[in-house]
Amino acid sequence: ETSRRLGVSKTPLRDALLQLEMEDFVTILPRRKVVVNVLDVHDIKNYYEIIGALESIALLKACERLTEADIRFMQKMNNAMKKAIENDNFDLYYEKNLTMHNTFLNLCGNDDLVRIINNLKKRLYDFPRPKGFVKEWEQKSTGEHQAVIDFLQQKKYTEAANYIRDVHWSFKVQEKYISKY
């Protein structure tokens, strides 16, 4: 039925669903149905811990390659995020947020690490993606980004990595916003 509705053959659809199951987006109940996996608070907490740890490592590894132009670009993206929030444009905020984080992720030299982080972020925020956003959280997030950028400008790489892990991706720090989201 799904294959007919989408206009694709069964094999690529099955392969896509198997990939989604491997990434924990869905559960396949053979010969019955495919169920979208709903995140609970425990899952979200675990994902935050994993993303925080991995982004922290990625940032430390990226510091070897991070240039002043990269840091200026991250600042530009953070400023664009602030402006997007002022204009209540969450989609633009989210796009710039991903671009800012990808600046250092793409410099870390570990494609597998980046793939895992991106899959977890998609699981948290894109599948399915809620319509609204928590403006106060996004504003706080740009302040956190600024702290990371400031550490990088001062070449305090360990502090930047710790901040990413212990504040920006801390479930405990972000919990009140997560529950609103």
* Asked: Okay, side chain of Asp40, backbone of Asp43: is any donor-acceptor separation there less than 3.5 Å?
  -> yes
* To do: Give a yes or no on whether the backbone of Ile85 and the side-chain of Asn89 come within a donor-acceptor separation of less than 3.5 Å.
  => no
* **Leu107 side chain reached by Asp70 side chain, heavy atoms, under 4.5 Å** => yes
* Before accepting this row, confirm whether a basic side-chain N of the pair Lys140/Glu136 lies closer than 4.0 Å to the acidic partner's carboxylate O. => no
* Asked: Taking the inter-plane angle between the rings of His101 and His168 on a 0 to 90° scale, is it parallel (under 30°), tilted (30 to 60°) or perpendicular (over 60°)?
  -> parallel
* Pick out which of Ile117, Asp112, Asn118 makes a side chain to side chain contact (heavy atoms under 4.5 Å, CB included) with Arg115. => Asp112
* Minimal non-hydrogen separation, Leu152 against Met74, with atom names -> CD1-CE, 3.8 Å
* Within 45° cone and under 6.0 Å: Arg123 NZ/CZ vs Tyr47 ring -> no
* Asked: Would you call the rings of Phe90 and Tyr94 parallel, tilted or perpendicular, where under 30° means parallel and over 60° means perpendicular?
  -> parallel
* Asked: Is there a path of hydrophobic side-chain contacts, each under 4.5 Å between heavy atoms of I, L, V, M, F, W or Y residues, that connects Val35 with Leu20?
  -> no
* **Gap between atom CE of Met81 and atom CD of Glu138 - 0.5 Å precision** => 10.0 Å
* When you measure from the side chain of Glu21 to the backbone N and O of Ile28, does any donor-acceptor pair fall under 3.5 Å? -> yes
* Asked: Are a donor atom and an acceptor atom from the side chains of Tyr93 and Thr142 found within less than 3.5 Å of each other?
  -> no
